[in-house]
Protein chains: 2
Amino acid sequence: MNSEHRTARSADSTGPAVRGARERARSEITAAIKDEARRQLAAAGAAKLSLRAVARELGMVSSALYRYFPSRDELLTALIVDAYDSVGAAAETAARTGGDPLARWGAVCAAVRAWALEHPHEYALIYGSPVPGYAAPQVTVEPASRVGLALVGVARDALDGPGAAPPGLPDGLRPEAERMAADLAPGLPPELVASLVAAWSQLFGLISFEVFGQFHRVVEDRDAFFAHAADRLGREAGILPSAVGSGSVAGSGRPVTGSGRPVAGSG
Amino acid sequence: MNSEHRTARSADSTGPAVRGARERARSEITAAIKDEARRQLAAAGAAKLSLRAVARELGMVSSALYRYFPSRDELLTALIVDAYDSVGAAAETAARTGGDPLARWGAVCAAVRAWALEHPHEYALIYGSPVPGYAAPQVTVEPASRVGLALVGVARDALDGPGAAPPGLPDGLRPEAERMAADLAPGLPPELVASLVAAWSQLFGLISFEVFGQFHRVVEDRDAFFAHAADRLGREAGILPSAVGSGSVAGSGRPVTGSGRPVAGSG
DNA sequence: TCCGGTGCAAGAGCAGTGCTCTCGTTGTTG
DNA sequence: CAACAACGAGAGCACTGCTCTTGCACCGGA
């Protein structure tokens, strides 16, 4: 560890440290702590993340670490926010790819899946069981919504093109669907929003089962299985490929998102 | 792996107990340990489950507990197996209810959801992120399959009645679907099995998001939302209500599983 | 230039954890 | 009855999150 980095020897002539060397060191050390914590997270999982081990690896003493994160939970919160932002950014990037709405839908799903498979422990941190006695603080709600909003964005664009009306709502669900539409995606039809929320959670069902090992000895060709399932998820939510022909819609629809390979590679 | 428990035969008249007091005490204490562990699990979650606390609560010393469970992971494994069996039994009971296949499908889904909401920490134990460095041993795979098999059972019965052909498979998925059908549900058409596996994982996506708090400020009327989503899950897998009319299938289908209330109560 | 406030690292310490080992005791078996 | 295996108790090790105190280094104001 670089302890005396940038000692800021009273260099008032040019003033390289506009905010003072102290703040600079602080942000650097904070980042180093998060990096090392992320490394341990990836190596052993959230439950085995140890403040003392992080400090030890960084050459500090454990108590010094409390100057930067008041508790282990606060460190975990920081990692959670970062993870949400990371997967959210991946989803948003995939949503910006070209192609018809259904292809973009598949790209977003595949990007989230690829991120989850690359960062299983971070995925478990945010989409697995909530950590020990941990209650997600308010800071996490906005980053947590980015994937969902990316899906909503694709659906919104699909609405401009030839969209298929999503299936109708039972009477009992209509008020709730209208409330969801107003809160989450103003302007979108309630049926579509209800379908989107369901598809959103079901997408993470697919991904969680794969990441958490429930598909062990059940699904082998997981790329193909996921591509097909994600494609159907989009279709059933009312997102259609722009092939306006409207001839064979659901019959033998081949996933546009590439057959058998994760689409994330293209994003 | 039982020890030689069959030996206690000489006690014809003097026997303090039929099977020997020791074995009796052993099974009783084992059960007591699991009970207390389950209580702590429900109170604070898996990560906070402490062998010492369990022993303390039972009036033993922590080292004595190792006579019954060689490690904390072994205790967790026992709890995991019990949890799988518990939710599996709930699903199987729901699958045995009367009604048309789609109603039974909805009953199974609702029963699993109800179990999850009643035992959130046990649910997290089996469907959340895998615990610390824990790798599920072989003992868990059979109990873990009971919910899936209950769904398969409903689908199999639906096949006798008027079933709707599930959507076709892309060419890339056909071999995998045939393998899954052969392994998991011999005799069922591959398209149906592939749909069932997807629906199975997506069902747990719905439940996990609700249990783990992802629906916070997103879905409010969760009973209605879940009933509708589960109903659609079944329909899209090709399970139809026995109302053979085949007139309005997906249009304004009102969930048969009761609108707005968890169906588990009827099972 | 000195001086006091402040951020910071280090260390000791507390209460808790999983787990191992030893040592008597006690039920079971030959 | 005697040998044996299972058992409970206790001490102990290495580890954890977290707190508190102490002393050093910086940094702005006089």
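The basis for the numbers below is simple: all heavy atoms, side chains too, and nothing from hydrogens, waters or symmetry mates. So that the names make sense, note that chain A is the first sequence line, chain B the second, and so on, each numbered from 1.
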Within this structure, what is the [atom1]-to-[atom2] distance between [X] and [N], rounded to whole angstrom?
| X | N | atom1 | atom2 | value |
| --- | --- | --- | --- | --- |
| B/Glu23 | D/dA5 | CD | P | 16 Å |
| B/Glu28 | D/dC7 | CD | C1' | 16 Å |
| A/Phe69 | C/dA9 | CZ | P | 13 Å |
| A/Arg24 | D/dC26 | CZ | C1' | 17 Å |
| B/Met60 | D/dG8 | CE | C1' | 7 Å |
| B/Leu65 | C/dT20 | CG | C1' | 15 Å |
| B/Asp73 | C/dT17 | CG | P | 17 Å |

Nucleotide nearest B/Arg22 when distance is taken to its side chain, options C/dG18, D/dT16, C/dT28
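My answer, after comparing the listed nucleotides, is C/dT28.
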Closest to side chain of B/Tyr66, choosing from D/dT16, D/dC18, C/dC19:
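Of the options given, the side chain of B/Tyr66 lies nearest C/dC19.
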Looking at the base of [N], is there any donor atom on it, or on the side chain of [X], that sits under 3.5 Å from an acceptor on the other one?
| X | N | result |
| --- | --- | --- |
| B/Arg72 | C/dG18 | no |
| A/Arg52 | D/dG17 | yes |
| B/Arg67 | D/dA6 | no |
| A/Ser63 | C/dA10 | yes |

Just to be sure I understand the rule, does [X] reach a base, reach only the sugar-phosphate, or reach nothing, if contact means heavy atoms closer than 4.0 Å?
| X | answer |
| --- | --- |
| B/Ser71 | sugar-phosphate |
| A/Tyr68 | sugar-phosphate |
| B/Ile29 | sugar-phosphate |
| A/Leu49 | sugar-phosphate |

For side-chain hydrogen bond (donor to acceptor under 3.5 Å, both in side chains), just list the numbers for B/Tyr123 and B/Ser208, CA-CA rounded to whole Å, side-chain angles, deciding distance to a tenth of an Å, and then say yes or no.
CA-CA 9 Å; B/Tyr123 179 85; B/Ser208 290; 2.7 Å; yes
side-chain contact (heavy atoms from CB on, under 4.5 Å) partner of B/Leu233, chosen from B/Leu151, B/Leu196, B/Leu206
B/Leu206
If the cut-off is 4.0 Å, is B/Arg56 near the phosphate of C/dT17, judged by side-chain N/O to OP1 or OP2?
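For C/dT17, OP1 or OP2 has a side-chain N or O of B/Arg56 closer than 4.0 Å.
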For C/dG7 and A/Arg26 - does any side-chain N or O of the residue sit under 4.0 Å from the phosphate oxygens OP1/OP2?
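A/Arg26 to C/dG7 OP1/OP2: no side-chain N or O under 4.0 Å.
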Can A/Arg38 and A/Asp82 be said to form a salt bridge (charged side-chain N to carboxylate O under 4.0 Å, His left out), step by step?
CA-CA 10 Å; A/Arg38 226 185 318 271; A/Asp82 286 0; 3.3 Å; yes
Near-ring test B/Tyr127/A/Phe212, centroid separation under 6.0 angstrom:
no
B/Arg26 with B/Glu23: basic N within carboxylate O range, under 4.0 Å:
no
